[in-house]
Amino acid sequence: MGLIHTLPLPVRLPLIRTALAAARAAREPAWRKVRPSHSPGPLVVSGFLGEALGIGRAGDATADALQAAGFALERQSLRTRQRAVWSLGKKPAVTGRPGGVWLIHANAPEAEVALMTHDPADWAGRYRIGYWAWETTEAPSDWTRVAPWFDEIWAPSQFTADAIAAAFARAGRAELSNRLRVMPHPVTPPEPTPGEAAALDLEPGATHALVMFDGRSAFARKNPWGAIEAWVRAFPQARPGVRLLIKGSNLAIDPVSRQRLADLTRTRSDIRLIEMSLSEADLWRLLADIDLLISLHRGEGFGLVAAEAMSLGRPVLMTGWSGVTDFADDTSAAMVPYRLISARDPSGAYRQGQWAEPDIDAAARMIRDLIDHPDHARLLGARGPGRIAQLNTAWSPTALAKMAFASLIDNSDRRPVL
């Protein structure tokens, strides 16, 4: 499969989907022969843990929140185990002890791969939870075939839950929606480390706005060029002491979009494109140091970066649609108006449903207002931490203890959280 990663995304994704569908079709008959059962055992959290992409950072936050609530757990990387999907022979157990709960913090296709890389006789005896996110009005139809293998499906927002339910209904499996549960991502800012310098040197005394995204999340959805266009309309000439930072990760995954982004930023002295990798701590420090976060996304399953910025009291300007509306409104963020359009993504990641086209002129006026009136921006930001704290109540020990999975976790080997 090494050669396939050199192909352009629009070519690569259909090939991967076809290959995985064939692998699943070959394995699924064996799954159906295994009798499911539930018994107490370990809690295993699998995901793209330790990775800088949003789903990886959200997976780490989920594991941290469960551990903080008093659950002993084992963390597993899906990235290393994915490679075994093509191997022949008997698959390994999820972990050494049977039973318990297996929480797979990845969308349906990756969750299906996780099932394929483990022994079905083992995972059939575990309570299985999928944690899925989606960013248009309808999740992919093939997610419906994965859902029956999970006892619960967590969605980080009501928007995502509705998008998945729409896919189930379209496939004639509306009853699967009973497995959906809205579980917002836990967002907990780290304690500041006194005296530790940030990886990025920001201009002293300047006002900094930030756009932050990962190229693997689709340029068309994250829409960084919409934010740049709004900035240029807000400030036709570069204004001294006002800067726009574009923090992008994994931009090389889409060379054409990366070049377009570079071309847009090259002509403006007040716009800085940053591609260097940052640690988790440095990402938080960057969010703490800016004066405004801008996200003119076309869709968010949750909106993790926006929620993190709000948890720090940073003002946020964003498209007022999709998952972010679970924790933000016009009283706690600058919500940009939009119109719904058919989702069209050149990378091929998004092929159905609708997403938002933000009003760039309105965004430009709002950016200029927040920069020109910093007191108003700070007041808006001050309302953010309370909104995010409300989301985190779903992860309290009391709330988690009432959920079905909690009774199936054997905490007998519980160790103190250091």
Side-chain angles (χ1 to χ4, degrees), residues 1-2 4-5 15-51 53 55-60 62-64 66-67 71-132 142-143 145-154 179 404-415:
M1 292 292 287
I4 199 171
H5 292 289
L15 289 175
I16 292 174
R17 292 185 183 113
T18 300
L20 289 177
R24 187 265 313 163
R27 290 167 170 81
E28 194 172 38
W31 298 358
R32 299 189 183 279
K33 296 177 182 179
V34 178
R35 183 180 299 276
S37 63
H38 295 145
S39 60
L43 169 59
V44 179
V45 177
S46 298
F48 298 101
L49 307 181
E51 300 189 26
L53 70 165
I55 195 170
R57 298 178 64 233
D60 287 328
T62 292
D64 290 344
L66 289 167
Q67 187 170 325
F71 295 101
L73 59 88
E74 177 181 338
R75 304 180 192 224
Q76 292 184 354
S77 168
L78 282 180
R79 189 72 64 186
T80 55
R81 303 206 173 203
Q82 274 185 325
R83 303 184 186 113
V85 70
W86 311 111
S87 64
L88 301 176
K90 184 176 174 60
K91 303 301 180 184
V94 175
T95 193
R97 290 188 294 151
V101 178
W102 188 19
L103 192 161
I104 304 177
H105 201 298
N107 279 346
E110 293 78 18
E112 189 173 53
V113 171
L115 297 179
M116 287 193 282
T117 56
H118 292 88
D119 181 4
D122 174 77
W123 56 250
R126 304 178 191 273
Y127 190 85
R128 295 176 300 283
I129 302 173
Y131 206 153
W132 302 353
D142 56 5
W143 286 24
R145 75 159 186 256
V146 186
W149 300 108
F150 287 86
D151 299 284
E152 289 187 40
I153 298 168
W154 292 0
R179 306 184 187 205
F405 80 93
S407 64
L408 294 170
I409 298 175
D410 177 7
N411 263 357
S412 60
D413 64 347
R414 175 71 185 153
R415 300 289 185 272

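From a predicted model like this one, the values you see are computed outputs, not experimental measurements.
- Salt bridge R126/D151: absent, no basic N to carboxylate O contact under 4.0 Å.
- Judged by distance alone, the side chain of D119 and the main-chain N or O of A93 form no donor-acceptor pair under 3.5 Å.
- In this structure the side chain of L73 never reaches within 4.5 angstrom of the side chain of L103, judged on heavy atoms.
- Note that the CG atom of D64 and the CZ atom of R75 stand 4.5 Å from one another [nearest 0.5 Å].
- In terms of heavy-atom proximity, V146 sits nearest to A108 at CG1-O, 3.8 Å.
- Classification of the Y131-H105 ring pair by plane angle, with boundaries at 30° and 60°, yields tilted.
- In this structure, W149 and W31 have perpendicular ring planes: the angle between them is above 60°, well past the 30° mark.
- Q76 contributes a side-chain N or O that, together with a main-chain N or O of V94, makes up a donor-acceptor pair within less than 3.5 Å.
- Scanning both residues, R145 and P148, for their nearest heavy atoms gives O-CD, 3.5 Å.
- The nearest pair of heavy atoms linking A111 to A106 is CB-O, 4.1 Å.
- Atom CZ of F48 sits about 12.5 Å away from atom CG of D60, to the nearest 0.5 Å.
- Taking all atoms of both residues into account, the shortest heavy-atom contact from G130 to F150 is N-CD2, 3.3 Å.
- Using a 4.5 Å heavy-atom threshold, the side chains of D122 and W102 count as separate.
- Of the inter-residue distances, the one linking L115 atom CG with E28 atom CD reads 10.0 Å to the nearest 0.5 angstrom.
- What you find for V34 and P120 is that their closest heavy atoms are CG1-O, 3.7 Å.
- Contact check for R97 versus E74: no side-chain heavy atoms found under the 4.5 Å cut-off.
- Annotation: side chain of E110 is not in contact with side chain of I55 (no heavy-atom distance under 4.5 Å).
- Minimum heavy-atom separation, L78 to S46: CD2-CB, 3.8 Å.
- Atom-to-atom distance recorded for E152:CD and I129:CD1 is 5.0 Å, nearest 0.5 angstrom.
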Trace of the side chain to side chain contact (heavy atoms under 4.5 Å, CB included) decision for W143 with I153:
CA-CA 11 Å; W143 286 24; I153 298 168; over 6 Å; no
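- Here the side chains of W123 and I104 are not in contact, with every heavy-atom distance at 4.5 Å or above.
- Between Y127 atom OH and L408 atom CG the span is 7.5 Å, to the nearest 0.5 Å.
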